[in-house]
Amino acid sequence: MRTATLGPAQRAEALAAMAERELDVLVVGAGVVGAGTALDAVTRGLSTGLVEARDWASGTSSRSSKLIHGGLRYLEMLDFALVREALKERGLLLERLAPHLVKPVPFLYPLQHKGWERLYAGSGVALYDAMSFSSGHGRGLPVHRHLSRRRALRVAPALKRDALVGALQYYDAQMDDARYVATLVRTAAGYGAQVANRAKVVGFLREGERVVGVRVEDVEAGGEYEVRAKQVVNATGVWTDDTQSLIGERGQFHVRASKGIHLVVPKDRIHSSTGLILRTEKSVLFVIPWGRHWIVGTTDTDWDLDKAHPAASSADIDYLLEHVNAVLSTPLTRDDVEGVYAGLRPLLAGESDATSKLSREHTVAHPVPGLVVVAGGKYTTYRVMAKDAVDEAVHGLDQRVAACVTEDIPLLGAEGYRAQWNARARIAARTGLHVARVEHLLNRYGSMTEEILELIVADPAMGEPLPAADDYLKAEIVYAASHEGARHLDDVLTRRTRISIETFDRGARSARLCAELMAPVLGWDSGQIDREVAHYEKRVEAERESQRQPDDLTADAARLGAPDIVPL
């Protein structure tokens, strides 16, 4: 595996290489499924390309609940196969594939009825644990436990006493979704995949009925490339129908968007040592530990407006506050909300009885020769979706291809992570960083933390925290541009870090310093720095304005007031 550095030079080289010779597989879309598909294909020995119109994970895959979970509520729907599959993937991620990025997280489920509810819910959680163990990859998490009301309130003092008669506590897992995808992309690149973001597919190449490649516009530098491939995989999530329309073919299914919003509040606003899972009349509500914060979500509403920047309305925020406050002894207010983000779930909607019930299941289709479409599913099972997509693409290749091996391919930073974690006190002593800072780096970069530390050795100022977002070091901003493919300020503040949702100013006070740190890597002059900062400030204001609007239509109109810095 080669060093996976995704800087400006590597991006230009990748685009040129993709245009130079025919690929076996070209993946369109670098969310978690597209990135996973590129890794699956390249580790089978196939020449592989990956293009993304915006940034890695800039759509759904950076705006999830940030959970890796089996889907406890799917047990109630009797969807045992989906839960079993997801629990196996959860175990693989925790134990083997990404222990530096995927971490256990406890949840408390308050019981509101004596007797029958404990038996009913307890049976479900017991089955959840049993299915996890039976997968062969579930022994890294503690089993569930039953709590009395007194013990539950000791674990979560923030709860109203009359909001529960007892509780169940169980474990799932979480990750930083955007960071996970960026690491997936870098891992694929390390195995030889050619990858480029800000590279938009604007058309398909056809020979008769067959798709033989795509036309790609370099959104950054201008110009257009013809990229030829034996098989093209459309993994564009909620944009699946839009991408399909470029070839003028009617799909076998459609993807509709469902909006989910989340609030981020400081840790001290909810006094609890565990996450919470609450029932609402429509779905479930999570209160998820997130570093020095909590994530509260989510909603589930149809969305047919702008897909790139779905907007959270005032009504969405009120809905979450109302439901979480129903169980909190000290209610949350609007003033407690640091950040808000909205994402779109890609749900399958079929055109026949055979596909109309797919919902959170995923599907793979081969609508025309040379083109594979993968859609639906959930974050946790991305690896299975990627495997299925490449299996389908292999049918169209006139060669013998190895079976999927990603079950045994750790992500970049996983190898050596546990050894470095055990040596974190020594690393802190060697570098002069506080051990908590070293832990933060190890849980973001794993064994690649050494590359961050090299930047600090070369320039000790890089070891300083950002003044207005002190969870992050200056070196992390530089590294995002030099190694992780960040092309704009928005990429860094929103996805490489989470400053945009973890600070009350939404990253506005960090914007100029971060732009100045990125400038030498990306070749920006003072004018480009000013443009990046102005665009980010405008984006923050547009988001704030959208969150003051009463409904989706007015919120969407307000958010569209700040278009992309490089229009697509």
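These values consider heavy atoms only, across backbone and side chains, with no hydrogens, waters or symmetry-generated copies.
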S.K.: Just wondering, more than 12 heavy atoms not from Glu407 lying within 6.0 Å of its CD?
M.R.: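 It does: Glu407 CD has more than 12 such atoms within range.
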
S.K.: So do Asn234 and Val372 actually touch side chain to side chain, heavy atoms under 4.5 Å?
M.R.: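 The answer is no, as the side chains (C-beta and beyond) never meet within the 4.5 Å cut-off.
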
S.K.: Checking Tyr445 against Glu476: is there a side-chain donor and acceptor pair closer than 3.5 Å?
M.R.: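 Checked: Glu476/Tyr445 side chains pair up, N/O donor to acceptor below 3.5 Å.
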
S.K.: Testing the basics here: between Ser273 and Pro106, what is the closest heavy-atom pair and its distance to 0.1 Å?
M.R.: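 It is O-CG, 4.2 Å.
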
S.K.: Could you go through the side chain to side chain contact (heavy atoms under 4.5 Å, CB included) check for Cys514 and Leu489 one step at a time?
M.R.: CA-CA 7 Å; Cys514 288; Leu489 179 59; 3.7 Å; yes

S.K.: Quick check for you: to the nearest 0.5 Å, what is the distance between Ile409 atom CD1 and Leu92 atom CG?
M.R.: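 Answer for the CD1-CG pair, Ile409 versus Leu92, is 12.5 Å.
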
S.K.: Would Asp176 and Lys66 satisfy salt bridge (charged side-chain N to carboxylate O under 4.0 Å, His left out), going step by step from the backbone distance to the final call?
M.R.: CA-CA 6 Å; Asp176 181 329; Lys66 315 199 188 315; 5.7 Å; no

S.K.: For Met385 and Lys378, run side chain to side chain contact (heavy atoms under 4.5 Å, CB included): C-alpha distance rounded to whole Å, both residues' side-chain angles, the deciding distance at 0.1 Å, then the answer.
M.R.: CA-CA 9 Å; Met385 296 175 67; Lys378 57 203 289 283; over 6 Å; no

S.K.: Please walk me through it: do Val566 and Arg487 pass side chain to side chain contact (heavy atoms under 4.5 Å, CB included)?
M.R.: CA-CA 11 Å; Val566 181; Arg487 300 287 303 167; over 6 Å; no

S.K.: How many angstroms lie between OG1 in Thr60 and CG in Leu344, if you round to the nearest 0.5 Å?
M.R.: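 Atom-to-atom, Thr60:OG1 and Leu344:CG are 5.5 Å apart.
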
S.K.: Would a line drawn from the ring center of His440 to the ring center of Tyr472 be shorter than 6.0 Å?
M.R.: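 Yes, the ring of His440 comes within the 6.0 Å limit of the ring of Tyr472, centre to centre.
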
S.K.: Decide, yes or no, whether a salt bridge links Arg90 with Asp172 under the criterion of side-chain N to carboxylate O below 4.0 Å.
M.R.: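 Yes, Arg90 and Asp172 are salt-bridged.
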
S.K.: Using the six-membered ring wherever Trp is involved, compare the ring planes of Tyr417 and His100 and label them parallel, tilted or perpendicular (cut-offs 30° and 60°).
M.R.: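 Taking His100 first and then Tyr417, their aromatic rings sit tilted (interplane angle of 30° to 60°).
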
S.K.: Looking at side-chain heavy atoms only, is the closest gap between Gln174 and Ile288 below 4.5 Å?
M.R.: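 The answer is yes, as the side chains (C-beta and beyond) meet within the 4.5 Å cut-off.
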
S.K.: Rounded to the nearest 0.5 Å, how far apart are OH of Tyr341 and CD of Glu543?
M.R.: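 If we round to the nearest 0.5 Å, Tyr341:OH and Glu543:CD are 13.0 Å apart.
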
S.K.: If I compare all heavy atoms of Arg383 with all of Cys404, which pair ends up nearest, and what's the gap?
M.R.: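 Looking at all heavy atoms of both residues, the closest pair is NH1-SG, 4.0 Å.
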
S.K.: Test of understanding: with side-chain hydrogen bond (donor to acceptor under 3.5 Å, both in side chains), list the residues that count as partners of Asp55, not counting sequence neighbours.
M.R.: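 Scan of Asp55 (side-chain hydrogen bond (donor to acceptor under 3.5 Å, both in side chains), adjacent residues dropped) gives Asn197, Arg495, Arg496.
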
S.K.: When you check the gap from the basic side-chain N to the acidic O, do Asp300 and Lys259 get nearer than 4.0 Å?
M.R.: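 So Asp300 does not pair with Lys259 through a salt bridge.
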
S.K.: What closest approach, in Å, do Tyr536 and Ser500 show between heavy atoms, and which atom pair accounts for it?
M.R.: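 Looks like OH-CB, 3.1 Å.
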
S.K.: Which pair of heavy atoms, one from Ala189 and one from Leu6, lies closest together, and at what distance?
M.R.: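 Looks like CB-CD2, 3.9 Å.
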
S.K.: May I have all residue pairs that pass ring-ring contact (aromatic ring centres under 6.0 Å, His included) and include part of residues 291-312, sequence neighbours excluded?
M.R.: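 ring-ring contact (aromatic ring centres under 6.0 Å, His included) check on residues 291-312 returns no pairs.
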
S.K.: If you define the side chain from C-beta out and look only at heavy atoms, does anything of Leu94 sit under 4.5 Å from Pro104?
M.R.: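 In short, these two side chains touch, coming nearer than 4.5 Å.
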
S.K.: Under 4.5 Å between any side-chain heavy atoms of Val265 and Ile270, yes or no?
M.R.: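 They are in contact (side-chain heavy atoms under 4.5 Å apart), so the answer is yes.
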
S.K.: Take Leu320 and Leu285 through the test side chain to side chain contact (heavy atoms under 4.5 Å, CB included) and record every step on the way to the result.
M.R.: CA-CA 8 Å; Leu320 289 182; Leu285 185 72; 3.3 Å; yes

S.K.: Under a 4.0 Å threshold between the charged nitrogen and the carboxylate oxygen, would Arg269 count as salt-bridged to Asp336?
M.R.: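 Looking at Asp336 and Arg269, the cut-off is met.
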
S.K.: Can a salt bridge be assigned to the pair Asp306 and Arg559 using a cut-off of 4.0 Å between side-chain N and carboxylate O?
M.R.: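 Salt bridge: no.
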
S.K.: Between Met18 and Ala196, what is the shortest heavy-atom contact and its length?
M.R.: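 Here Met18 and Ala196 meet closest at CE-CB, 4.0 Å.
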
S.K.: Taking only Lys NZ, Arg NE, NH1 and NH2, and the carboxylate oxygens of Asp or Glu, determine whether Arg63 and Asp177 approach each other closer than 4.0 Å.
M.R.: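 No.
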
S.K.: In the structure I gave you, are the side-chain heavy atoms of Leu278 and Pro110 within less than 4.5 Å of one another anywhere?
M.R.: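 With C-beta onward as the side chain, the pair touches.
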
S.K.: Quick one: are Leu332 and Glu322 in side-chain contact, heavy atoms under 4.5 Å?
M.R.: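 Not in contact.
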
S.K.: Please collect all salt bridge (Lys or Arg N to Asp or Glu O under 4.0 Å) contacts where either partner lies in residues 286-299, sequence neighbours excluded, each pair once.
M.R.: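 Sorted result for residues 286-299: Arg292-Asp470, Arg292-Asp471.
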
S.K.: Assess, by modelled atom type and distance only, whether the side chains of Thr274 and Gln169 contain a donor and an acceptor separated by less than 3.5 Å.
M.R.: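 On atom types as modelled, these side chains qualify, holding a pair under 3.5 Å.
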
S.K.: Regarding Arg179 and Glu484, does a basic nitrogen lie under 4.0 Å from an acidic carboxylate oxygen?
M.R.: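 Yes.
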
S.K.: Is the shortest side-chain N to carboxylate O distance from Arg96 to Glu415 below 4.0 Å?
M.R.: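 The answer is no: the pair does not qualify as a salt bridge.
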
S.K.: Below 4.5 Å, heavy atoms only, C-beta onward: do Arg186 and Leu411 meet side chain to side chain?
M.R.: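 The answer is no, as the side chains (C-beta and beyond) never meet within the 4.5 Å cut-off.
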
S.K.: Among side-chain atoms of His69 and Thr380, is any donor-acceptor pair under 3.5 angstrom?
M.R.: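 Looking only at side-chain atoms, Thr380 and His69 do not form any donor-acceptor pair under 3.5 Å.
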
S.K.: Which salt bridge (Lys or Arg N to Asp or Glu O under 4.0 Å) pairs, counting each pair once, include a residue from residues 235-247, with sequence neighbours left out?
M.R.: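 Non-adjacent pairs meeting salt bridge (Lys or Arg N to Asp or Glu O under 4.0 Å): Asp242-Lys307.
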
S.K.: Output the distance between atom CG (Leu168) and atom CG (Leu108), rounded to the nearest 0.5 Å.
M.R.: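 That separation rounds to 8.0 Å.
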
S.K.: Is there a ring pair (Phe, Tyr, Trp, His ring centres under 6.0 Å) between Tyr382 and Tyr180? Walk through the geometry before answering.
M.R.: CA-CA 12 Å; Tyr382 82 87; Tyr180 190 94; 5.7 Å; yes

S.K.: Under the salt bridge (charged side-chain N to carboxylate O under 4.0 Å, His left out) rule, collect the residues that match up with Arg84, sequence neighbours excluded.
M.R.: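 Once residues adjacent in sequence are excluded, Arg84 has no partner under the salt bridge (charged side-chain N to carboxylate O under 4.0 Å, His left out) criterion.
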
S.K.: Pairing donors with acceptors under 3.5 angstrom, does anything connect the side chains of Asp316 and Thr299?
M.R.: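 No donor-acceptor contact under 3.5 Å links the two side chains.
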
S.K.: At what distance, to the nearest 0.5 angstrom, does CD of Glu439 lie from CD of Gln420?
M.R.: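 One finds 13.0 Å between CD of Glu439 and CD of Gln420.
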
S.K.: Is there a salt bridge (charged side-chain N to carboxylate O under 4.0 Å, His left out) between Lys387 and Glu89? Walk through the geometry before answering.
M.R.: CA-CA 13 Å; Lys387 173 186 177 297; Glu89 294 303 311; over 6 Å; no

S.K.: If we ignore hydrogens and angles and just use 3.5 Å, is the side chain of Asp556 paired with the main-chain N or O of Asp552 as donor and acceptor?
M.R.: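 Not a single qualifying donor-acceptor pair exists.
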
S.K.: Is it the case that Asp24 and Gln231 place a side-chain donor and acceptor less than 3.5 Å from each other?
M.R.: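 No, no side-chain donor-acceptor contact under 3.5 Å.
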
S.K.: Between Ser65 and Thr298, does any side-chain donor sit less than 3.5 Å from a side-chain acceptor?
M.R.: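 Checked: Ser65/Thr298 side chains show no N/O donor-acceptor pair below 3.5 Å.
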
S.K.: Please enumerate all residues that pass salt bridge (charged side-chain N to carboxylate O under 4.0 Å, His left out) together with Asp318, with sequence neighbours excluded.
M.R.: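 Asp318 satisfies salt bridge (charged side-chain N to carboxylate O under 4.0 Å, His left out) with Arg334 once adjacent residues are dropped.
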
S.K.: Do Glu52 and Ser58 come close enough that some side-chain heavy atom pair is under 4.5 Å?
M.R.: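 The answer is yes; the side chains approach within 4.5 Å.
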
S.K.: Using 0.5 Å steps for rounding, measure from the CG atom of Leu101 to the CG atom of Leu442.
M.R.: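 Output value for this atom pair is 11.0 Å.
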
S.K.: Do you know the tightest heavy-atom contact between Ala38 and Thr48?
M.R.: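 Distance-wise, the nearest heavy atoms are O-CG2, 3.7 Å.
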
S.K.: Apply the test side-chain hydrogen bond (donor to acceptor under 3.5 Å, both in side chains) to residues Tyr109 and Arg279: give CA-CA distance (whole Å), side-chain angles for both, the deciding distance (0.1 Å), then the verdict.
M.R.: CA-CA 9 Å; Tyr109 176 67; Arg279 275 189 179 277; 3.2 Å; yes

